[in-house]
Amino acid sequence: MKNEHILVMRFSALGDVAMLVPVVKALATQYPHVRVTVMSKKFAMAFFENLAPNVGFMEADINKEYKGLHGLNRLYRRLKAKHFTAVADMHDVLRSQYLRMRFAVDRYRVAHVNKHRAGRRRLLSGDRKQLVQQPTAFQNYADVLAALGYPIKLEFNSIFPNKTGNLRLMPVAEYQEKKKFQKWIGLAPFAAHVTKEYPLDKMEEVLQTLLRLHPNARVFLFGSGVRERKCFDDWTNRFPRCVHVSAMVSDLGSELILMSHLDVMVSMDSSNAHFAAITGVPVVSIWGGTHPFAGFMAWNQSMKNAVQIDIKCRPCSIFGSKTCKRGDMACMNGISPAMVVERVEKVLEKN
């Protein structure tokens, strides 16, 4: 009889892969005799490399090295040599569908994620919107494992065994220790789609207010794109207690270590919300065209900390990729900086 070995496939965006972490950790902990291999893009290694002794990571670039049908066939031959006993497709797109089809033809146990598209469409259906909480991505992933014969209880605290990462590994000595009197606040004001971003002028008001309310605070700015660098260079020049994280560290692992020591993260409906959540940090998230009911709220976060307003056209998108039909982004512009600050202060008081 083969030793049990599960392949978990998810190739997509950073946040979606980060949402796998609590599920894989629960699987590895509750079934310690089962080997788990997560296959994803290279960036995801930081999530899984030290998650549990029976969890491994396999990098697969399906856009380059394994591009096209020829590439997928080559990848399948590589995977088959690893003698998996079950395959969990957590993505359900053409490439993962093809790979799981190959596994199914060879009589492997295979299951794939149900994205509950019909329920999500009802969230968007004009005047007939049904604002009903959809199954979370975490539950959808767990359902795949249950279909393979591995039901799990979703329990998870942090990717770090002691709940926080080792600050001594940070490259800048000033941030290798957090003073007891300091508040460390994370701020991630950008997202993959503009419709999911809080206006920068309003976010700057949030930043200034938090700096005024907490004279000993450090505000760490997360994001590494061109727009992010331009904005963060401006803010760090004008507000000396701000730190542009990607200008200080060059790898996701170091960012996760730093995040684990935050008192709170302020984020959009974006990957940084999920990164902070899997390090055990409370997240104040700001929602515009998208909605937590679609199932993408970060792990173990309170709905009270989702800052949003109710307007007739919202939500207009599941992933934030649609343009605003009104043209005024009322869902974001209607959120005052005071609303965001109030929620941040509630979290800081609680902690």
Side-chain angles (χ1 to χ4, degrees), residues 2-25 27-28 34-113 115 137 140-141 144-145 148 159 191-193 223-226 228-229 246 249-256 270-272 274-275 278 319 321:
K2 291 182 178 179
N3 292 326
E4 295 177 73
H5 188 184
I6 301 175
L7 172 65
V8 177
M9 300 188 293
R10 180 86 209 203
F11 298 109
S12 60
L14 281 161
D16 295 318
V17 180
M19 294 178 84
L20 258 183
V21 172
V23 178
V24 171
K25 176 66 173 180
L27 172 66
V34 177
R35 287 180 61 197
V36 183
T37 295
V38 178
M39 182 170 67
S40 188
K41 297 177 182 178
K42 184 178 180 179
F43 67 75
M45 183 182 295
F47 300 142
F48 302 101
E49 58 184 344
N50 296 309
L51 192 63
N54 54 332
V55 173
F57 181 81
M58 178 179 170
E59 174 191 346
D61 190 337
I62 57 175
N63 295 317
K64 293 182 180 179
E65 185 179 2
Y66 299 110
K67 184 178 180 180
L69 196 60
H70 176 72
L72 289 175
N73 284 330
R74 191 156 47 86
L75 176 58
Y76 176 71
R77 290 192 295 271
R78 181 185 170 194
L79 293 169
K80 190 174 179 181
K82 295 184 179 294
H83 305 293
F84 295 106
T85 55
V87 177
D89 176 6
M90 303 298 199
H91 202 169
D92 193 32
V93 293
L94 282 175
R95 289 161 175 160
S96 65
Q97 289 166 3
Y98 179 77
L99 288 172
R100 80 167 190 253
M101 180 271 292
R102 291 292 310 269
F103 278 112
V105 167
D106 285 339
R107 299 184 182 279
Y108 286 78
R109 281 186 294 147
V110 177
H112 67 277
V113 69
K115 297 181 179 179
N140 292 340
Y141 292 155
V144 177
L145 298 178
L148 291 172
I159 59 172
H193 303 290
S224 58
V226 174
E228 288 91 330
R229 286 197 298 271
S246 67
V249 301
S250 58
D251 62 291
L252 180 57
S254 296
E255 289 198 21
L256 293 170
S270 68
S271 58
N272 279 295
H274 299 292
F275 298 167
I278 63 173
F319 304 107
S321 55

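It should be emphasised that the depicted structure is a prediction, and the values quoted were computed from it without experimental measurement. The first residue of the sequence shown is numbered 1, and numbering continues consecutively from there.
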Problem set entry | Under the side-chain hydrogen bond (donor to acceptor under 3.5 Å, both in side chains) test, residues paired with Thr85 that sit two or more places apart | none
Exercise. Which residues pass the side-chain hydrogen bond (donor to acceptor under 3.5 Å, both in side chains) test with Arg109, sequence neighbours left out?
Worked result: Tyr150
Exercise. Does the Lys25 side chain pair with the main chain of Leu51, one donor and one acceptor, at a distance under 3.5 Å?
Worked result: yes
For this session: Report yes if the side chains of Asn63 and Arg95 come closer than 4.5 Å at any heavy-atom pair, otherwise no.
Result: yes
Exercise. For residues 81-91, which residue pairs qualify under salt bridge (charged side-chain N to carboxylate O under 4.0 Å, His left out), counting only residues two or more places apart or in two chains?
Worked result: Asp89-Arg100
Would you mind writing out the side-chain donor-acceptor pairs for residues 10-20 within the sub-3.5 Å range, not counting sequence neighbours?
from, atom 1, to, atom 2, distance (Å)
Arg10, NE, Ser12, OG, 2.8
Arg10, NH1, Met90, O, 2.7
Arg10, NH1, Tyr141, OH, 3.0
Arg10, NH2, Ser12, OG, 2.9
Ser12, OG, Asp16, OD2, 3.4

Exercise. Would Val34 and Leu27 satisfy side chain to side chain contact (heavy atoms under 4.5 Å, CB included), going step by step from the backbone distance to the final call?
Worked result: CA-CA 9 Å; Val34 177; Leu27 172 66; 5.5 Å; no
Exercise. What ring pair (Phe, Tyr, Trp, His ring centres under 6.0 Å) pairs are there with at least one residue in residues 39-65, not counting sequence neighbours?
Worked result: Phe47-Phe275
For this session: Can you sort out the partners of Ser250 under side-chain contact (heavy atoms from CB on, under 4.5 Å), two or more places apart, ordered by chain and number?
Result: none
Problem set entry | Residue pair Ser96 / Asp92: nearest heavy atoms and the distance that separates them | OG-N, 3.2 Å
Exercise. Applying side chain to side chain donor-acceptor pair (under 3.5 Å), which residue pairs with at least one partner in residues 35-53 are found, sequence neighbours left out?
Worked result: His5-Thr37
Tell me which donor-acceptor pairs under 3.5 Å the side chains of residues 70-80 have, and how far apart each pair is, sequence neighbours excluded?
from, atom 1, to, atom 2, distance (Å)
Asn73, OD1, Tyr98, OH, 2.5
Asn73, OD1, Arg102, NH1, 2.8
Asn73, ND2, Leu69, O, 3.3
Arg74, NH2, Glu65, O, 2.5
Tyr76, OH, Arg102, O, 3.3
Tyr76, OH, Asp106, OD2, 2.4
Arg78, NH1, Tyr66, OH, 2.7
Lys80, NZ, Asp106, OD2, 3.4

Problem set entry | Euclidean distance, His91 NE2 relative to Gln97 CD, rounded to 0.5 Å | 9.5 Å
For this session: Would you check if Met39 and Met9 make a side-chain contact, meaning some heavy-atom pair closer than 4.5 Å?
Result: yes
Seminar exercise, completed: Residue set satisfying side-chain hydrogen bond (donor to acceptor under 3.5 Å, both in side chains) with Ser270, at least two apart, ordered chain then number -> Ser267
Problem set entry | Atom of Ala104, atom of Val110 and distance for their closest heavy-atom approach | N-CG2, 3.9 Å
Problem set entry | Side-chain touch Lys115/Asn140, heavy atoms, less than 4.5 angstrom | no
